[in-house]
Amino acid sequence: QVQLVESGGGLVQTGGSLRLSCAASERTFTDYAMGWFRQAPGKEREFVAAINWSGGTTNYADTVKGRFTISRDNAKNMVYLQMNSLKPEDTARYYCAVDLTYYQRRDYVSRHQSGYRYWGQGTQVTVSS
């Protein structure tokens with residue numbers, strides 16, 4: 001069964017850093033774009049960052065641009081989200097997902113949840129003020 005498993009969440013103070021990891025159970029995921037999303041209590045799930053299949057193209061939500069960095073290591077079937085200068089408004093459950101829209105399409109990344117077919121269970125990030 002296809003699985004994505006997130007880890008690395010936790011409690012951190014304002015201004016701190018965390019690195020989230022997403023492990024994919026199948027090597028197939030290395031051929032597709034992947035993304036990170038988050039959902040805070042009482043709010044809809046929102047886009048955070050996305051990366052194309054090779055890792056050469058990335059896209060970020062305006063709210064995290066300059067503070068978060070998405071990366072991937074296809075040899076390890078891993079995707080990462082480095083989060084720096086964390087703010088209380090970053091508090092949410094963070095999910096990784098794989099976008100199966102295009103196979104190895106150069107520069108393709110998407111902010112739209114509709115293309116993301118498999119999702120992990122999420123990891124909680126709490127930023128205290």
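Below, all heavy atoms of this structure are taken into account, side chains as well, without hydrogens, waters or symmetry copies.
If you chain together hydrophobic residues whose side chains sit under 4.5 Å apart, L20 and F37 never meet in one group. If you chain together hydrophobic residues whose side chains sit under 4.5 Å apart, Y95 and L18 never meet in one group. Cluster membership for L81 and V12, using ILVMFWY side-chain heavy atoms within less than 4.5 angstrom, is shared. Under the 4.5 Å side-chain heavy-atom criterion for grouping Ile, Leu, Val, Met, Phe, Trp and Tyr, V125 is connected to V64 within one hydrophobic cluster.
Side-chain atoms of T91 come within 3.5 Å of backbone atoms of V127 as a donor-acceptor pair (strictly under, hydrogens ignored). In this structure, the side chain of S25 engages the main chain of Q3 through a donor-acceptor pair within 3.5 Å. Without hydrogens or angle criteria, R111 side chain to V48 main chain gives no donor-acceptor distance under 3.5 Å. With N52 contributing its side chain and G55 its backbone, the two residues share a donor-acceptor pair below 3.5 Å. R117 contributes a side-chain N or O that, together with a main-chain N or O of S114, makes up a donor-acceptor pair within less than 3.5 Å. Panel note: side chain R19, backbone G9; no donor-acceptor pair is recorded below 3.5 Å.
Minimum interatomic distance between V109 and I51 (heavy atoms only, all atoms of both residues): CG1-C, 3.4 Å. A pairwise comparison of heavy atoms in S128 and L11 identifies CB-CD1, 4.3 Å as the closest pair. In terms of heavy-atom proximity, G35 sits nearest to Y116 at N-CE2, 3.5 Å. In terms of heavy atoms, S110 sits closest to D99 at CB-OD2, 3.5 Å. Contact record, K43 with Q39: O-NE2, 3.0 Å, taken as the closest heavy-atom pair. Contact detail for Y60 and K65: the closest heavy-atom pair is O-CE, 3.8 Å.
Ring geometry, Y94 versus F68: the interplanar angle falls from 30° to 60°, so the pair is classed tilted. Relative ring orientation between Y118 and F29 is described as tilted, the plane-to-plane angle lying within the 30° to 60° band.
Note that CE of M34 is 9.0 Å distant from CG of N74, once rounded to the nearest 0.5 Å. Between T126 atom OG1 and Q13 atom CD the span is 13.0 Å, to the nearest 0.5 Å. Taking CD of Q121 as the reference point, atom SG of C96 lies at 10.5 Å (rounded to 0.5 Å). Taking CD from Q113 and CD from E44, the interatomic distance works out to 8.5 Å, rounded to the nearest 0.5 Å. Rounding to the nearest 0.5 Å places CD of E26 at 9.5 Å from CG of N77.
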Intermediate values then yes/no, side chain to side chain contact (heavy atoms under 4.5 Å, CB included), L4 and C22: CA-CA 6 Å; L4 297 172; C22 174; 4.1 Å; yes

Derivation of the side chain to side chain contact (heavy atoms under 4.5 Å, CB included) call for E46 and R38: CA-CA 5 Å; E46 64 177 6; R38 67 186 181 186; 2.7 Å; yes

Verdict with reasoning, T14 to S129, per side chain to side chain contact (heavy atoms under 4.5 Å, CB included): CA-CA 5 Å; T14 297; S129 57; 4.3 Å; yes

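Checked against the 6.0 Å centroid threshold, W36 and F47 do not count as a close aromatic pair.
More than 12 heavy atoms of other residues, nucleotides or ligands shown are found within 6.0 angstrom of CD on Q104.
In this structure, R72 fails the cation-pi test against W53, since its NZ or CZ atom is not both closer than 6.0 Å to the six-membered ring centre and inside 45 degrees of the ring normal.
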Could you go through residues 82-89 and list every donor-acceptor pair under 3.5 Å that involves a side-chain atom there, pairing it with any protein atom two or more places apart or in another chain?
unit_1	atom_1	unit_2	atom_2	d
Q82	NE2	N84	OD1	2.9
N84	OD1	S17	OG	2.9

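For the residue pair Y108 and R105, no side-chain donor N or O sits within less than 3.5 Å of a side-chain acceptor on the partner.
Looking at residues two or more places apart in sequence or on another chain, you find no side-chain hydrogen bond (donor to acceptor under 3.5 Å, both in side chains) involving R106.
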